[in-house]
Chemist: 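After the structure tokens below, expect a handful of questions from me.
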Amino acid sequence: MNDEQLHAMRHSLAHITAAAVKRIWPEAKFGVGPVVQDGFYYDIDLGEKKISEANFEKIEKQMRGIIEYGDDFERFEMPIDQAIDWAKENNQPYKEELLNDLKRSGTTVAKDLDTAELGLATDGDAAIENVSFYKNGAFVDLCRGPHVANTRDVGAFKLLRVAGAYWRGKEGNPQMQRLYGVAFATQEELDQYLERLEQAKLRDHRKLGKELDLYTISSLVGPGLPLFTPRGTVLRELMAQYSNQLRQAFGFQKVWTPHITKKELYETSGHWAKFGDELFLVTSQETSDNFALKPMNCPHHTQIYASQPRSYKDMPVRFLETTTDYRDEKTGELGGLNRVRSLTQDDSHVFARPDQIEQEINNLLSSARELYATIGMSLRVRLSYRDEGEGYLGETNLWETAQAQLKQAVITNELDYFEQDGEAAFYGPKIDFMATDAIGREHQVATVQLDFVQPSRFGLTYTDNEGNAQTPVMIHCALLGSIERFLSVFIEHTGGWFPFWVAPEQLRILTINDTIGDYVDEIRAVLDEVVLMKPVKYNELRYTVDDRNESLGKKIGQASLMKIPVQLIVGPKDKEAREVSVRTQAGEEKVSLNGLGEYLRGIS
RNA sequence: GCCGCUUUAGCUCAGUUGGUUAGAGCAACUGUUUUGUAAACAGUAGGUCCUCGGUUCGAAUCCGAGAAGCGGCUCCA
């Protein structure tokens, strides 16, 4: 089956879903019902009545009835004004809005439409004459198609979930219920898909975070405020250290900034106007100043730049700071480590002359590539541009220059990229590295951003070779992004089997009985000398000894559940032979005590 | 914030139509066992059934409000 056929199948199932819902609730008003990754959805408004998962069986039963009955999908056309009347007569206000847009502009794509006119009726000339409809049995729907020939040709499906969704994606609009289904050509493929979903749940970072003792969230501390355990802290700190090291090699210098600031800083940067209601505010009992917990770091770094006069010879100036920011995210947006209220950024800012932009971006992209190659993650890159929306600061021609420069950098670095409008920051376009979580959702991790706005808003300058003041360009970059979010995808990507160098507990000695304590001490002496130098420098070995009064099988089982990459099994026979049994995921081998340090340093 | 769902021991989960003292496995603790490759045996202890309010002779169970978590929507500097 090719993609077009699968698409037609899923799209036809969306119609069948709507038809089934209309049979059960004839008053249903319908929005749109497109094909999405792995399936389809249909947006439905039942007024006060709500669909819940308890209704799925009933809906699916109706759907199967419609499928078995075997009506053809019949396409027909209607003049646009007649179609609008059809929508009114059938009490389908959402369809009426779509038809109004078609009449006025020939499209229903919201981003191609004037937002002020969205959905409004027009008396002017129609942009199109006819619109197409599809009919299967008694169910008629405005639709561009294509569909399968007959309702029997839709393959295997399952309703998966129901969720709220705003009409046309706008928060002020009525909220409809979005009924999601998955669909494949055969039942076997559907079963495989559902099985993959089950497997993915085993890798969920929230599940592994608990099982591997990496972090916890306390209701006393608050939602979205994760607390990191000793194991999780090892991960955080080593990854941040690596990220910093990669940029320090390119001349970045560490700085430190406080976690609160007067709100004037953000009024100047432009953040207050756009994100003011997402700041945690801090009141001073001593002064009348208003403070906020910092939600990001670039404005602070501008003030370090501004603290002394800069010559063109000093440029670029490169600051690096791994620090925690606080954002008052809406409760419904929080989730695991992926979206938190206390997020730690491995943040950096370059203040550069225009002629230095290309080199600086190349340095950062190569750092990002090296980091993700080292941990075995291949990421797609998103070029995030502005769109026609409001809220972007700076002149259009600067934006165009910046967007072209970022695209060129991505091409030069041979990154696998796609372009997306409307994903830029308010001060400039971005190169975003996108990671995929266990169930296929994409999350931004590394980012490189070009900013012509903040330097001028803060009045930053350097003196050029003719003695004139010039405005520098800012390049924002984080390689991990939010360390919390990075860890969520890293945990799911590895399934908890972290690379040896970053594993919280790299090695555990498992004793067979209590007759070999002296030999264990000899082994410890060897382990204490093991310091990895790659990819992070001075990375001392982290190990423990399990000499409890338990069976070997139990010790192995528990060490394996904790996904400890190297287990050293030590008993009287090993002591006798002056060796250890090294158990890894790859299997087991004997290593001599003399060769143990070398063996561990060689693990990549 | 909005829509739907969920919440029982540290963890994973049972718990019938509202009915005595809410159960199991793992973990913990005590004792026995000295163990060779994914979990030795026995015992002990562990509960605000998310919180608050209501209905009832009686609530883990029904109703209301709230909190937290999950899946989406919106948002993501």
Chemist: So what does A/G270 touch, heavy atoms closer than 4.0 Å: a base, only the sugar-phosphate, or nothing?
Modeler: nothing

Chemist: Which nucleotide, in any strand shown, forms a Watson-Crick or G-U wobble pair with B/C11, with both distances under 3.5 Å?
Modeler: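 The answer is B/G25, by the H-bond criterion.
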
Chemist: Please give the distance between the P atoms of B/U17 and B/G1 as a whole number of Å.
Modeler: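 Comparing P positions in B/U17 and B/G1 gives a spacing of 36 Å.
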
Chemist: On the nucleotide B/C11, are OP1 or OP2 found under 4.0 Å from the side-chain N or O atoms that A/K207 carries?
Modeler: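 Answer no for this pair, as no side-chain N or O of A/K207 is under 4.0 Å from OP1 or OP2.
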
Chemist: What orientation do A/F490 and A/F498 show, parallel under 30°, tilted 30 to 60°, or perpendicular over 60°?
Modeler: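 Geometry flag for A/F498 against A/F490: tilted rings.
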
Chemist: Rounding to an integer number of Å, can you tell me how far A/E211 CD sits from B/C11 P?
Modeler: 12 Å

Chemist: Has the side chain of A/R339 got a donor or acceptor that lies under 3.5 Å from a partner of the other kind on the base of B/C75?
Modeler: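 By the distance-only test, yes, there is a pair.
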
Chemist: Rounded to whole Å, please give me the gap between CZ in A/R485 and C1' in B/A77.
Modeler: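 In whole Å, B/A77 C1' lies 12 Å from A/R485 CZ.
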
Chemist: Expressed as a whole number of Å, how far does the P atom of B/A60 sit from that of B/U20?
Modeler: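 Roughly 10 Å separates the two P atoms.
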
Chemist: Picking from B/A77, B/G4, B/A27, which would you name as closest to the side chain of A/K554?
Modeler: B/A27

Chemist: In whole Å, what is the span from the OH atom of A/Y180 to the P atom of B/C3?
Modeler: 16 Å

Chemist: Can a donor-acceptor pair under 3.5 Å be found between the side-chain atoms of A/Q567 and the base atoms of B/U37?
Modeler: no

Chemist: Which is it for A/K330 and A/E171 under the salt bridge (charged side-chain N to carboxylate O under 4.0 Å, His left out) test, yes or no, and what are the steps along the way?
Modeler: CA-CA 13 Å; A/K330 296 176 186 171; A/E171 208 169 353; 3.2 Å; yes

Chemist: Which of these nucleotides, B/U37, B/U12, B/G71, is closest to any side-chain atom of A/K210?
Modeler: B/U12

Chemist: Figure out the CG/P separation between A/D546 and B/A27, and round it to whole Å.
Modeler: 13 Å

Chemist: Sticking with atom C1', work out how far B/A27 lies from B/A9, rounded to a whole angstrom.
Modeler: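 The same atom, C1', in both gives a distance of 11 Å.
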
Chemist: Among side-chain atoms of A/S269 and A/R457, is any donor-acceptor pair under 3.5 angstrom?
Modeler: no

Chemist: Partner of B/C41 by Watson-Crick or G-U wobble geometry, both contacts under 3.5 Å, or none?
Modeler: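 Across any shown strand, B/C41 pairs with B/G31.
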
Chemist: Where the side chain of A/N513 is defined as all heavy atoms beyond and including C-beta, which of B/A77, B/U34, B/G1 is the nearest nucleotide?
Modeler: B/U34

Chemist: So, for A/I260 and A/H300, which heavy atoms are closest and what is the spacing to 0.1 Å?
Modeler: O-NE2, 4.4 Å

Chemist: Please check if atom CD in A/E395 has more than 12 non-hydrogen atoms from other residues, nucleotides or ligands closer than 6.0 Å.
Modeler: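 12 or below, so no.
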
Chemist: Can you tell me whether the side chain of A/Y166 and the base of B/G1 have a donor-acceptor pair closer than 3.5 Å?
Modeler: yes

Chemist: How close or far is atom P of B/C76 from atom NE2 of A/H443, stated in whole angstroms?
Modeler: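 So the two atoms are 16 Å apart, to the nearest Å.
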
Chemist: Between A/Q449 and A/I512, name the one whose nearest nucleotide on RNA chain B is closer to the 5' end.
Modeler: A/I512

Chemist: Return the stacking result for B/A77 and A/Y427: yes when the ring centres lie under 5.5 Å apart and the planes under 30°, no otherwise.
Modeler: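 Whether judged by distance or by angle, A/Y427 falls short somewhere, so it does not stack on the base of B/A77.
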
Chemist: One pair to check against side chain to side chain contact (heavy atoms under 4.5 Å, CB included): A/R327 and A/S342. What are the steps and the verdict?
Modeler: CA-CA 7 Å; A/R327 299 178 182 176; A/S342 55; over 6 Å; no

Chemist: Closest to the A/Q558 side chain: B/G36, B/A27, B/A77?
Modeler: B/A27

Chemist: Answer with base, sugar-phosphate or nothing: what part of the nucleic acid does A/S52 contact at a heavy-atom distance below 4.0 Å?
Modeler: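 It contacts sugar-phosphate atoms only.
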
Chemist: Nearest to the side chain of A/P223, which nucleotide is it out of B/A40, B/G69, B/G36?
Modeler: B/G69

Chemist: Ignoring backbone atoms, test whether A/R206 places a side-chain nitrogen or oxygen under 4.0 Å from the OP1 or OP2 oxygen of B/G71.
Modeler: yes

Chemist: Would you say the side chain of A/D574 and the base of B/G36 hold a donor-acceptor pair, judged only by whether the two atoms sit under 3.5 Å apart?
Modeler: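 Answer is yes: a donor-acceptor pair is held.
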
Chemist: Aromatic rings A/W399 and A/Y392: how do their planes relate, parallel, tilted or perpendicular, breaks at 30° and 60°?
Modeler: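 Aromatic pair A/W399/A/Y392 classed perpendicular.
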
Chemist: Specify the residue among A/S581 and A/K330 whose closest nucleotide of RNA chain B lies further upstream toward the 5′ end.
Modeler: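 The residue mapped nearer the 5' terminus is A/K330.
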
Chemist: Please work out if A/G553 contacts a base, only the sugar-phosphate, or nothing of the nucleic acid, heavy-atom cut-off 4.0 Å.
Modeler: sugar-phosphate

Chemist: Which nucleotide, B/U37, B/U74, B/G36, lies nearest any side-chain atom of A/I556?
Modeler: B/U37

Chemist: To the nearest Å, how far apart are A/R548 CZ and B/G31 C1'?
Modeler: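 The distance from CZ of A/R548 to C1' of B/G31 comes to 17 Å, rounded to the nearest Å.
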
Chemist: Can you check the distance between B/G46 and B/C52, where both ends of the measurement are the C1' atom (answer in whole Å)?
Modeler: 26 Å

Chemist: Look at the side-chain N and O atoms of A/S551 and state whether any lies under 4.0 Å from the OP1 or OP2 oxygen of B/A39.
Modeler: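 So the side chain of A/S551 is outside the cut-off, no N or O lying under 4.0 Å from OP1 or OP2 of B/A39.
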
Chemist: Could you check whether the side chain of A/R327 and the base of B/C76 have a donor-acceptor pair of N or O atoms closer than 3.5 Å, going by distance alone?
Modeler: no

Chemist: Could you tell me how far B/G23 sits from B/A39 if I compare only their P atoms? Round to whole Å.
Modeler: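 Rounded to whole Å, the distance is 30 Å.
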
Chemist: Write down the partner of B/U17 under the Watson-Crick or G-U wobble criteria, each distance required to be under 3.5 Å.
Modeler: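 Its partner: none found.
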
Chemist: Is the phosphate of B/C76 approached by A/K274 (side-chain N or O, under 4.0 Å from OP1 or OP2)?
Modeler: yes

Chemist: Side chains of A/Y94 and A/D45: donor-acceptor distance under 3.5 Å anywhere?
Modeler: yes

Chemist: What does B/C70 pair with, Watson-Crick or G-U, if both distances are under 3.5 Å?
Modeler: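 WC or wobble partner is B/G4.
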
Chemist: Can you tell me how far P in B/C49 sits from the matching atom in B/U61, rounded to whole Å?
Modeler: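 Going atom to atom, P in each nucleotide, I get 10 Å.
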
Chemist: Across all strands, who's sitting opposite B/C52 as a Watson-Crick or G-U wobble pair, both distances under 3.5 Å?
Modeler: B/G64

Chemist: Identify the nucleotide, in any strand shown, that forms a Watson-Crick or G-U wobble pair with B/A59, with both distances under 3.5 Å; if there is none, say none.
Modeler: none

Chemist: Looking at B/G71, I'd like to know if its phosphate oxygens (OP1 or OP2) sit under 4.0 Å from a side-chain N or O belonging to A/R441.
Modeler: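 True: A/R441 side-chain N/O within range (under 4.0 Å) of B/G71 OP1/OP2.
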
Chemist: So A/Y193 and A/F184, would you call those rings parallel, tilted or perpendicular, with 30° and 60° as cut-offs?
Modeler: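 Geometry flag for A/F184 against A/Y193: tilted rings.
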
Chemist: Roughly how far apart, to the nearest Å, are B/G54 and B/A14 at atom P?
Modeler: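 Going atom to atom, P in each nucleotide, I get 31 Å.
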
Chemist: What nucleic acid atoms does A/E333 come within less than 4.0 Å of, heavy atoms only: base, sugar-phosphate, or nothing?
Modeler: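 Base contact.
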
Chemist: Given atom NZ of A/K201 and atom P of B/C13, what is their separation to the nearest angstrom?
Modeler: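 Roughly 11 Å, once rounded to whole Å.
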
Chemist: Among B/G36, B/A38, B/G71, find the nucleotide with the atom closest to the side chain of A/K590.
Modeler: B/G36

Chemist: A/E171 CD to B/G72 P: how many Å, rounded?
Modeler: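 Result: 18 Å.
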
Chemist: Indicate, with a heavy-atom threshold strictly under 4.0 Å, whether A/I217 touches base, sugar-phosphate, or nothing.
Modeler: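 Here A/I217 touches no strand at all.
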
Chemist: Considering only NZ, NE, NH1 and NH2 on the basic side and carboxylate oxygens on the acidic side, decide whether A/K430 and A/E423 come within less than 4.0 Å.
Modeler: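 Here A/K430 does not pair with A/E423 in a salt bridge, since their nearest N and O are not under 4.0 Å apart.
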
Chemist: Need one value for A/A165: base, sugar-phosphate or nothing, where a base atom within 4.0 Å counts as base even if backbone is also close, heavy atoms only.
Modeler: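 Sugar-phosphate only.
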
Chemist: Sticking with atom C1', work out how far B/C5 lies from B/A40, rounded to a whole angstrom.
Modeler: 43 Å

